[in-house]
Protein chains: 2
Amino acid sequence: MTSQSDIDFSKLFAKIDELKPNFIQRLQKAVEIPSVSGDESLRPQVFKTAEFLKDELTRLGAQDIQLSPLGKQPPQVANPDLELPPIVLSRFGSDPAKKTILVYGHYDVQPASLEDGWNTDPFKLVEKNDVLYGRGSSDDKGPVMGWLNVIEAHNALGLELPVNLITCFEGMEESGSLGLDELIAREAKGYFKGVDAVTISDNYWLGTTKPVLTYGLRGVNYYQISVNGPSADLHSGLFGGIVAEPLNDLVKLLANLADPQGKILIKGIDEQVAPLTEQEDKLYDDIEFDVQVLNDATGSKTALYNDKKSILQHRWRYPSLSIHGIEGAFSEAGAKTVIPAKVKGKFSIRTVPNIESAKLTELVIKHVEQDFAKLNSPNKVHVELIHDGDYWLSDPFNENFTAARKATKKVWNIDPDLTREGGSIPITLTFEKELKTSVLLLPIGRGDDGAHSTNEKLDVSNYIEGVKTQSAYLHYYAQGDK
Amino acid sequence: MTSQSDIDFSKLFAKIDELKPNFIQRLQKAVEIPSVSGDESLRPQVFKTAEFLKDELTRLGAQDIQLSPLGKQPPQVANPDLELPPIVLSRFGSDPAKKTILVYGHYDVQPASLEDGWNTDPFKLVEKNDVLYGRGSSDDKGPVMGWLNVIEAHNALGLELPVNLITCFEGMEESGSLGLDELIAREAKGYFKGVDAVTISDNYWLGTTKPVLTYGLRGVNYYQISVNGPSADLHSGLFGGIVAEPLNDLVKLLANLADPQGKILIKGIDEQVAPLTEQEDKLYDDIEFDVQVLNDATGSKTALYNDKKSILQHRWRYPSLSIHGIEGAFSEAGAKTVIPAKVKGKFSIRTVPNIESAKLTELVIKHVEQDFAKLNSPNKVHVELIHDGDYWLSDPFNENFTAARKATKKVWNIDPDLTREGGSIPITLTFEKELKTSVLLLPIGRGDDGAHSTNEKLDVSNYIEGVKTQSAYLHYYAQGDK
């Protein structure tokens with residue numbers, strides 16, 4: 001980082017500290033609306049949250065607020081007559097002399113109930129020991145309110161936003177982001193025209209004490225191996241020993257996908273993985289992490305590696321293969337003596353640069369078909385790709401990341417760790433491809449916030465320092481220096 | 001078979017032919033009561049069938065008719081407050097100079113509905129082209145009515161039964177025969193005192209044209225391999241590649257149980273299997289069967305053997321291993337990216353003489369544990385026997401079978417095939433052990449009757465010639481010659 005004339009944030013940060021009660025109250029109101037997108041009976045609450053956002057944005061002086069409709073749910077969804085919740089679009093400023101930043105977040109949440117083991121009502125924001133508990137506090141209402149807080153703080157000071165800001169808040173993120181891809185494609189040259197950079201605050205710090213910026217995500221290719229034999233399930237007493245059993249074939253195919261240490265046994269994949277350069281390897285040196293964090297997260301001692309670098313590199317920059325289950329076989333408790341007639345094994349491969357999806361699928365099909373041929377079985381095999389989503393890798397030293405790094409350093413007084421994630425956030429790629437801009441993942445919460453789990457929380461310090469970081473990021477990005 | 005002074009059945013068989021309309025009407029009445037033991041809402045219909053039997057037996061002159069109560073369902077069953085249907089006990093004659101035969105059958109049936117694909121109402125007996133269609137026609141109301149028809153024919157002729165006959169008809173056979181074992185043990189020295197032989201008519205001919213007597217059943221040992229890893233299911237994006245996945249371990253264990261040709265890979269089992277003697281091998285020479293029958297039954301070409309002897313011997317007298325499924329993994333349609341934390345693989349081994357259950361379990365546990373040790377996995381494995389049931393093998397040349405063979409020859413003009421079955425009928429062993437008598441399986445219906453399937457049927461000829469066979473069997477058994 002070059003040291004240049006720095007920006008003075010003292011007034012802005014002081015105002016943010018002063019407005020803390022307002023900010024917490026805003027989050028409180030948001031958490032109180034149980035906007036669970038996965039529970040169709042609560043769909044009206046998701047719409048209510050969109051209206052809440054519209055009211056807040058109106059009060060904050062947003063222009064051109066749109067609750068952009070996405071139509072009805074697609075037919076494959078449980079209730080196809082139900083309307084999808086809208087995307088909340090708004091803009092603050094449209095000065096052609098300023099850069100334009102789009103901020104993305106989501107206002108729907110995961111299900112939650114006291115019976116799941118919450119200590120408090122998940123849909124009341126409860127503050128205890130400087131921690132805010134409630135569903136959505138960290139995922140993702142906290143970060144979304146954060147952006148509104150940024151504007152409130154600027155308004156309170158009569159301070160102009162340094163950039164044009166566009167909000168894009170969705171209400172179906174926890175349920176597959178139905179309709180969002182299409183909206184982004186549609187608005188790329190409409191509402192989103194002129195966007196210079198995108199910021200997504202919807203992931204987490206790696207640990208609990210050090211802020212991070214995230215520059216990479218693995219992709220995922222999901223495969224299914226079908227083995228078909230008899231025309232219907234058979235009784236194992238009558239047919240055991242005299243027919244070739246599809247499940248006996250399938251377990252052999254599944255057993256030869258990855259070794260017990262997780263190494264993928266499909267030939268040709270390793271060669272596609274970008275080599276680890278010395279420079280990249282060094283990026284892992286300072287990252288705060290150890291095997292204990294992993295063991296705590298899994299509640300077990302099942303880690304395949306003990307050193308920080310191996311763990312993080314295998315989570316972020318190497319492919320992995322997981323077997324998820326079998327469809328068509330007996331899967332309940334108890335003992336059923338069936339010979340399943342048609343079984344489908346499911347597995348997925350997490351992809352990384354430079355694995356090409358089509359090439360990978362070719363290798364997978366070839367591997368499984370060759371394995372099956374060795375079995376000399378009269379059954380039939382069929383291997384298919386169920387879905388794929390590309391990996392994402394950004395340049396963590398570009399203008400967008402540099403602004404966020406400066407902001408983080410300013411607020412937290414430490415350089416953020418540069419992290420990647422093992423999972424995928426497909427919307428990241430969509431923004432990058434459709435808007436042809438850099439996308440930054442700027443997490444607000446900590447690694448132990450328990451998104452999707454019980455007693456989800458957001459530390460007050462993360463919330464308030466997060467507003468400062470979000471604010472400073474806009475200013476550094478506007479300043480534009482690298 | 002020795003040829004001795006044969007019995008003249010001409011009057012009896014003529015009377016049976018004459019009573020055909022009555023016999024069909026009796027079966028009609030029985031089929032019309034939907035005594036589905038597995039459907040608790042139909043439980044009153046099962047009781048109604050017991051009352052129907054009581055009325056019929058009363059009219060036929062039975063003594064000491066008892067609807068022996070079995071109490072309430074055990075607590076592990078869906079509705080533990082529900083009464084079990086009674087065992088219908090009755091006796092015809094108690095002459096100490098005569099031998100005593102116990103006949104077993106069941107008056108409950110499998111579920112059935114038009115929506116399943118029946119061409120006619122399953123609970124109306126429909127006669128078409130000399131075939132009787134209806135749920136329970138073959139399994140097992142036809143054979144049960146058969147015994148009542150035997151008595152009606154004797155009564156109509158004023159002919160004394162040649163043996164003392166005891167009926168034992170149960171109403172929970174299709175739902176695990178709850179309570180029957182206990183009743184048999186209880187009545188061994190009570191109602192069943194003095195029983196010389198037991199006959200069960202509750203299986204089928206091997207094919208469609210040749211009658212059979214059945215002298216053996218395989219047993220079954222059901223096993224579960226649990227592999228436990230993380231404390232909860234994990235997201236494969238976050239944890240794929242850095243934890244040892246229990247399902248990856250489990251498929252390897254399951255893959256090494258049997259080879260693709262069905263050969264069991266667990267050491268020490270083959271050595272326990274009784275060697276095939278030349279004499280036993282010859283028993284298979286005349287049996288009517290070929291691979292086409294097997295392929296028709298499976299609706300596929302998945303047979304592991306093409307010759308009759310190999311197929312039948314691997315169904316009847318060699319052990320087999322079937323994998324049934326996995327509990328705890330993703331098992332639905334679609335694509336879920338979970339890493340299951342605890343998975344249970346289920347498999348069973350069909351047992352034959354002289355495999356001992358406890359010895360087998362020891363070998364299974366040793367095999368799986370050794371395999372698991374090779375994986376060098378941090379997960380935990382646990383192998384357990386879920387349930388076992390012994391094989392059964394009788395002497396097909398004893399007095400009981402000899403009487404049945406003579407009867408079959410008399411009625412069908414052909415020596416019956418001597419068959420075994422791949423599945424188990426646990427009650428066979430219970431009768432043998434508790435009453436210390438020979439048990440004979442004397443099937444009435446054909447291999448294609450579709451018991452448990454749609455459009456279950458019983459050919460009129462099997463029903464009526466079956467009554468003659470059942471009758472002649474009693475007479476030959478009374479005559480006692482070998």
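Given the structure is predicted, the values throughout are model-derived calculations rather than measurements. No hydrogens, no waters, no symmetry mates; every other heavy atom, side chains included, goes into these values. Chain letters run A, B, ... following the sequence lines, proteins first and then strands; every chain starts at 1.
Using a 4.5 Å cut-off on side-chain heavy atoms (C-beta onward), A:S300 and B:S231 make no contact. Using a 4.5 Å heavy-atom threshold, the side chains of A:S320 and B:S236 count as separate.
Residue B:L375 touches chain A through both its backbone and its side chain, counting heavy-atom pairs closer than 4.5 Å. Proximity to chain A (any heavy atom under 4.5 Å) is shown, for B:I311, by both the backbone and the side chain. Contact of B:Y318 with chain A is not made at all, since no heavy-atom distance falls under 4.5 Å. Residue contact with chain A, scored on non-hydrogen atoms closer than 4.5 Å, involves the side chain of B:H387 exclusively. In this structure, chain A has a heavy atom under 4.5 Å from the side chain of B:R218, while its backbone stays farther away. For B:H235, the part sitting under 4.5 Å from any heavy atom of chain A is the side chain, from C-beta outward, and nothing else. If you measure heavy-atom distances from B:S331 to chain A, the contacts under 4.5 Å come from both the backbone and the side chain. Neither the backbone nor the side chain of B:L250 comes within less than 4.5 Å of any heavy atom in chain A. Within the 4.5 angstrom heavy-atom criterion, only backbone atoms of B:D259 (N, CA, C, O) approach chain A. For B:Q313, no part lies under 4.5 angstrom from a heavy atom of chain A.
B:S322 and A:E245 share a side-chain donor-acceptor pair at under 3.5 Å.
The stretch residues 335-345 of chain A places A:A335, A:K336, A:T337, A:V338, A:I339, A:P340 near chain B, each with some heavy atom under 4.5 Å from a heavy atom of that chain.
Around the CG atom of A:D296, the shell of radius 6.0 Å holds more than 12 heavy atoms that belong to other residues, nucleotides or ligands.
Partner of A:I242 under the side-chain contact (heavy atoms from CB on, under 4.5 Å) criterion, out of B:L304, B:L294, B:V291: B:L294 alone.
In this structure, B:L254 CG and A:L254 CG are separated by 9.5 Å, a value rounded to the nearest 0.5 Å.
Among the candidates A:A333, A:S377, A:A329, A:A232, the residue making the largest number of heavy-atom pairs closer than 4.5 Å to chain B is A:A333.
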